[in-house]
Amino acid sequence: MIKKIGVLTSGGDAPGMNAAVRAVVRTALSKGMEVYGIRRGYEGLITGDIFQMDERSVSDIIHRGGTILYTARCPEFRTEAGVEKAKAKCEELGIEGLVVIGGDGSFRGAADLSAKGVLCVGIPGTIDNDIACTDYTIGFDTAMNTAMELVDKLRDTSQSHDRCSVVEVMGRGAGHIAVNTGIACGATDIITKEVPYDLDAIAATMLAKKAKGKQNFVVIVAEGIGHTQEIATVLQEKTNIETRATILGHVQRGGNPTLRDRVEATRMGYYAVELLEAGKGNRVVGIKNSEIVDYDIQEALSMKKPYDEKLHHIAEQIAF
Ligand code: ADP
Ligand code: F6P
């Protein structure tokens, strides 16, 4: 029976990580385990920035964005020596199991540490929803709602000026935030890496829509495309419609988590501790068809996440 576990957050933060930390801590305590919080991801594990957590350590955090454990990217942990240091620290403190809340990179690290004998369970936490083994990652819903509210505000001003608003939303490697925000905001066009696009064609459809009375336009661009200002400039040149580019940026990573993020984070945090209790490591927790599931980390990392092309095409088809 595992008696001591640790919990850390790693990679980019995401709203709902605190709810996951809370669930891990309270579940472990309810099972009679000791729980240690590790600050700044793998960096804290290597340097020993670790503290014992009790019931009150996670009071008043379920509704807060960010992560009370802080997060970091730790290059040293990518090395054999770094993983050895982390393992030694776990042994020194008697930490037998670890819950790692983060993305694919953090799970690769968790696999390395699992191979050294520290049982690690990953919980998917990233606003991008780009982790293949799960339908849902903590932070996605909050980020999309933030993006939606901000695009709504941009729409007010672009409507008043008969302008086109080109808005970049986050998602370095995936267009999931873009396509959903685009649908929710009634975007004229959505530009993501997953679906080929052509600025000449977009400009031509904008002009055709303008000829039929449309006066303002919203184009959503996924961050991974990489040149939002240039897209705005080109569209303005090609259409003669006054255009502004807005990059929403890190504001999408903040804010109080939505109900969905709090609930899914709690379900996954609870389940992660159950896995450790059962002596299982090298696993990633996920949600598939609303059910909680878990996978071997290597298997999880080899999966490919589908992009919802259907949603993308529906958005474009009904954007008159
Ligand atoms: P995310 O977990 O959101 O994908 P990163 O890719 O930045 O974020 O990874 C977070 C941390 O996980 C890194 O700073 C590093 O410490 C660790 N990590 C990332 N990739 C690997 C890897 N291939 N092997 C071991 N550890 C890794
Ligand atoms: O992975 C989450 C994410 O917010 C991406 O959408 C974005 O590209 C990246 O992190 C930004 O990372 P950083 O906080 O290092 O600027």
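All residue numbers refer to positions in the sequence shown, counting from 1. The figures here come from the full heavy-atom set of this structure, side chains too, leaving out hydrogens, waters and symmetry mates. Note that ligands are numbered from 1 as they come in the structure, with each ligand's atoms numbered from 1 the same way.
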Heavy-atom nearest neighbour in the protein, as seen from [atom], with distance rounded to 0.1 Å:
atom                    : result
atom 15 (C) of ligand 1 : C74 O, 3.5 Å
atom 2 (O) of ligand 1  : S106 OG, 2.5 Å
atom 17 (C) of ligand 1 : G105 O, 3.7 Å
atom 26 (N) of ligand 1 : G109 CA, 3.4 Å
atom 11 (C) of ligand 1 : S10 OG, 3.6 Å

Ring-face cation contact, Y307 with K305, 6.0 Å cut, 45° max
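That pair does not qualify as a cation-pi contact.
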
Sub-4.5 Å side-chain heavy-atom contact between L119 and L113
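A side-chain contact is absent here, since even the closest heavy-atom pair is not under 4.5 Å.
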
Would you say the side chain of H313 lies within less than 4.5 Å of the side chain of V195, judging by non-hydrogen atoms?
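They are in contact (side-chain heavy atoms under 4.5 Å apart), so the answer is yes.
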
[Y] and [X] side chains, donor-acceptor separation under 3.5 Å:
X    : Y    : result
T67  : D13  : no
S59  : R56  : yes
Y136 : D261 : yes
T142 : N145 : no

For the 3.5 Å polar cut-off, considering only N or O atoms, please tell me whether [X] and ligand 1 meet it.
X    : value
R73  : yes
R108 : no
G103 : yes

Using a strict cut-off of under 4.0 Å between a residue heavy atom and any atom of ligand 2, list the qualifying protein residues by chain and number.
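Residues R73, T126, I127, D128, M170, G171, R172, E223, H250, R253 each place a heavy atom under 4.0 Å from ligand 2, listed by chain and number.
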
Side-chain heavy atoms nearer than 4.5 Å, only ILVMFWY residues, links allowed to pass through others: does that put V99 and I131 together?
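Different clusters.
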
Can you tell me which portion of T126 lies within the under-4.0 Å heavy-atom range of ligand 1? Options are side chain, backbone, both, or neither.
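Neither part.
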
Among L235, T233, V234, which residue meets the side-chain contact (heavy atoms from CB on, under 4.5 Å) test with I231?
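The side-chain contact (heavy atoms from CB on, under 4.5 Å) with I231 is passed solely by L235 among L235, T233, V234.
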
Taking only heavy atoms of D112 into account, list the atoms of ligand 1 that are under 4.0 Å away from them.
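That gives atoms 24 (N), 25 (C) of ligand 1.
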
Below 4.0 angstrom from a heavy atom of G11, which ligand 1 atoms are there? Numbered from 1 as shown, please.
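Near G11, the atoms of ligand 1 are 3 (O), 8 (O), 10 (C).
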
Do NZ/NE/NH1/NH2 and the carboxylate oxygens of K116 and E80 come within less than 4.0 Å?
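Answer for the salt bridge query: yes.
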
Does E223 come within less than 4.0 Å of R172, counting only side-chain N to carboxylate O?
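Answer for the salt bridge query: no.
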
